[in-house]
*Asks:* 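Following this message is one structure expressed as C-alpha cells.
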2 protein chains.
Amino acid sequence: MTKPERPLRADAARNRRLLLEAAAAEFAERGLDASMADIARRAGVAKGTVFAHFATKEELIVATVGHYFAELTALARRLLDAADSGAALLEFLTVACGNQQQHDLAFLQTVTEGDSEVTRLRNELHESIGALVDRAREAGAVRPDIIGTDIFLLICAPVHAVGFLAKPDPDLWRRYLAIIFDGLRPEGASPLPHPAPTWP
Amino acid sequence: MTKPERPLRADAARNRRLLLEAAAAEFAERGLDASMADIARRAGVAKGTVFAHFATKEELIVATVGHYFAELTALARRLLDAADSGAALLEFLTVACGNQQQHDLAFLQTVTEGDSEVTRLRNELHESIGALVDRAREAGAVRPDIIGTDIFLLICAPVHAVGFLAKPDPDLWRRYLAIIFDGLRPEGASPLPHPAPTWP
DNA sequence: CCAGAACATGACCTCTCGGTCAAGTTGCTA
DNA sequence: TAGCAACTTGACCGAGAGGTCATGTTCTGG
C-alpha cells in the first residue's frame, strides 16, 4: 500500500504530501486525539480528501509512522561507514532525539502493531541499529552486555523524560542522553539484573 | 477538594473508593481515552454516580494522579531514614518503577497542569526526591552534577522504554533501570552537555 | 482543445463521549 | 422507627468524532 501501481495525478500527489506533513504535525501536537478534520484543515483540503487517500485513520497513522521509521533507518545506515563507531552510535541517538524533540511520533507505533508494512520498516530499523551497536561494542565503546534492541528501546527515553516538565528547555534532553550514554559505557558497568530482550 | 468538611455517608465513601480504584485501572489500561462509562461499570455503579463524586473527568484524573504522587512521596520519605543512602535511592527508583509497571499513571500529570492540588503534591514529591538525592550525592553514591529534578524526570524512563515491546517481560524494566543507574554513578561520569533543569 | 477519468468537496450519517437531572432509593439521626 | 437529607440511578442531551457519497471540479492523453 506504500507505492500505488499507477502514478498519482499531479494535484493528488501534492495533496498526499501535504496530508502526511499535516498529519505528522497534528499527531505530534495533539497525540492520537488529533482529528481527521483538523489534519484536513491544516493541509488545506476538505475532509473527504483525507479519506480518498487514507481509507481509515489507522491507515494514515501507519503511513506516518512508517515514514518516521524509514528516516531513522536511513540515518543509521549512513552512520555505519563512520570511522569512530562509538561516536557514530552517539550521533545516531543525538539526531534521533533531536528529531523526536521536534516531532514526537514514537507513541504512534503502539497503535500500528499488527500492520505488516510498519512491522517490516520497524524490523529494518531494528536491524540497522543492531549493526551500529555491534560495531560500537566490538570497538569497546559500549559495554559488552548491550544489544541493538536495548538501544532501540532507549531512543525515546531522553525526550520523554523532559516531557514531564511544563516548559522544558528545548535542549535539555541532551543532558539525559549523556547520562544514559554514560550508563552504556564499559567503564564501571555493574552486572545487569535481567537478560537482554528477545526480538520481537 | 481532597477532604470534605462533612464525613461521607458509608455507601458514598465505599463508592468513592471503588471509583478511584476503577479509574486507576482503566486509565492504566486504556490511557486518557478511558471513558467515564467504563469506569462506572468497572466500579459497579451507574454513570451518574461518577459525576456525583467527580464533577468532570478532569477532576477524576486530578484525584487519581494526586493519589499516585502521594504514594511516591510517602515512599521517598520512608527511605530517608535508610542507612545506605545510595541503596535507598536505588530502592526508591525500583519500587516506583514496579508500581508504574502495574499502573502507569504518570502520563496523566500532563493533563493536570494548572491544578493547584496536584501541583502541591507534585512539589512535595519533588522535594522528597530532592532530599533523597542530596543524601546520596553527599555520600558519593551518585555523580555530583545530578539533582533531584533529574531523578524526578527519569523515574518513568525504564518502564516507558519497555513499553515499545509488544509483549515485554514484566521485569525487563530492571535492566534499563540498572543501565540508567550506572549512568548516575560518579565513576566514569563524563561532563554533562546541559545545565540542570530549574524547578518548576 | 476536449472528453472522460481522476480527484476534491462538504453536507450528511451514525456512534460514542462527557455531562445533566428528575425521580427513586438508602443510610443516618433524633 | 420515622422522616429527611444524602445518595444513586439511567434516560437523556449536545458536541464532536470517524466515515460515506452524490455532485462538482480539474488534470491529462489523444
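Chain identifiers are assigned alphabetically (A, B, ...) following the order of the sequence lines, protein sequences preceding nucleic acid strands; residue numbering begins at 1 within each chain.
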*Asks:* Base, sugar-phosphate, or nothing for B:Ser35, non-hydrogen atoms under 4.0 angstrom?
*Replies:*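 Counting heavy atoms under 4.0 Å across all strands, the contact made by B:Ser35 is with sugar-phosphate only.
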
*Asks:* In this structure, how many angstroms lie between the C1' atom of D:dA6 and the CG atom of B:Asn15, rounded?
*Replies:*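 Going from B:Asn15 (CG) to D:dA6 (C1'), I get 12 Å.
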
*Asks:* Rounded off to whole Å, could you give me the CD1-to-P distance for the A:Ile39 and C:dA8 pair?
*Replies:*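 Rounded to the whole Å, the gap is 16 Å.
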
*Asks:* Can you tell me how far P of D:dT26 sits from CG of A:Leu8, to the nearest Å?
*Replies:*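 My rounded result for the distance is 19 Å.
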
*Asks:* Contact class for A:Asp33 (heavy atom, under 4.0 Å): base, sugar-phosphate, or nothing?
*Replies:*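 The answer is nothing, as A:Asp33 stays clear of every strand by at least 4.0 Å.
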
*Asks:* Nearest to the A:Lys57 side chain among D:dG19, C:dA8, C:dG18, which nucleotide is it?
*Replies:*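 The answer is D:dG19, which lies nearest to the side chain.
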
*Asks:* Take atom CG of B:Leu32 and atom P of C:dC17, then tell me their distance rounded to the nearest Å.
*Replies:*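 Spelled out: CG on B:Leu32 to P on C:dC17 is 14 Å.
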
*Asks:* Just to confirm, is there a sub-4.0 Å distance from OP1 or OP2 of C:dC7 to any side-chain nitrogen or oxygen of A:His53?
*Replies:*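 A:His53 to C:dC7 OP1/OP2: no side-chain N or O under 4.0 Å.
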
*Asks:* Nearest-nucleotide wise, let me know which of B:Phe51 and A:Gly44 is further upstream toward the 5' end of DNA chain C.
*Replies:*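 Mapping each residue to its closest nucleotide by heavy atoms, the 5'-most match is A:Gly44.
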
*Asks:* Of the options C:dC28, C:dA8, D:dT8, whose atoms approach the side-chain atoms of B:Ala52 most closely?
*Replies:*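 For the B:Ala52 side chain, the nearest candidate turns out to be D:dT8.
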
*Asks:* Is the ring pair B:His126/B:Trp199 parallel, tilted or perpendicular, if the boundaries are 30 and 60 degrees?
*Replies:*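 Ring orientation of B:His126 relative to B:Trp199: parallel.
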
*Asks:* Do the side chains of A:Leu20 and A:Leu60 get nearer than 4.5 Å, heavy atoms only?
*Replies:*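 They are in side-chain contact.
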
*Asks:* As a test of reading the structure: which of D:dC27, D:dT8, D:dG19 is closest to the side chain of A:Asp11, going by heavy atoms?
*Replies:*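 For A:Asp11, the side-chain atoms sit closest to D:dC27.
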
*Asks:* Does any non-hydrogen side-chain atom of A:Leu165 lie less than 4.5 Å from one of B:Pro200?
*Replies:*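 Side-chain contact under 4.5 Å: no.
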
*Asks:* Just the rounded figure in Å: distance from C1' of D:dT8 to CZ of B:Phe54.
*Replies:*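 Spelled out: CZ on B:Phe54 to C1' on D:dT8 is 15 Å.
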
*Asks:* How would you label the contact of B:Ala40 with the nucleic acid (heavy atoms, under 4.0 Å): base, sugar-phosphate, or nothing?
*Replies:*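 Nothing: the residue B:Ala40, judged by heavy atoms under 4.0 Å, touches no strand.
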
*Asks:* Using a heavy-atom cut-off of 4.0 Å across all strands, would you classify A:Ala34 as base, sugar-phosphate, or nothing?
*Replies:*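 Sugar-phosphate: the residue A:Ala34, judged by heavy atoms under 4.0 Å, touches backbone atoms but no base.
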
*Asks:* Please tell me if the side chains of A:Pro158 and A:Arg174 come closer than 4.5 Å, counting only heavy atoms from C-beta onward.
*Replies:*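 A side-chain contact is absent here, since even the closest heavy-atom pair is not under 4.5 Å.
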
*Asks:* Answer with yes or no whether B:Arg9 presents, from its side chain, a donor or acceptor under 3.5 Å of a partner atom in the base of C:dT26.
*Replies:*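 Per atom types, the contact qualifies.
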
*Asks:* In whole angstrom, what separates B:Arg14's CZ from D:dA6's C1'?
*Replies:*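 About 17 Å, once rounded to whole Å.
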
*Asks:* Let me know the distance between NZ of A:Lys47 and C1' of C:dC13, rounded to the nearest Å.
*Replies:*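 Between C1' of C:dC13 and NZ of A:Lys47: 10 Å.
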
*Asks:* I want to verify a distance call: between D:dG18, D:dT28, D:dC7, whose nearest atom is closest to the A:Met36 side chain?
*Replies:*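 It is D:dG18.
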
*Asks:* Take a 6.0 Å sphere around CD of B:Glu127 and say whether it holds more than 12 heavy atoms from other residues, nucleotides or ligands.
*Replies:*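 No, because the 6.0 Å sphere around CD of B:Glu127 holds 12 heavy atoms or fewer from other groups.
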
*Asks:* Quickly work out the B:Arg41 CZ to D:dT9 P distance and round it to whole Å.
*Replies:*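 From B:Arg41 CZ to D:dT9 P: 14 Å.
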
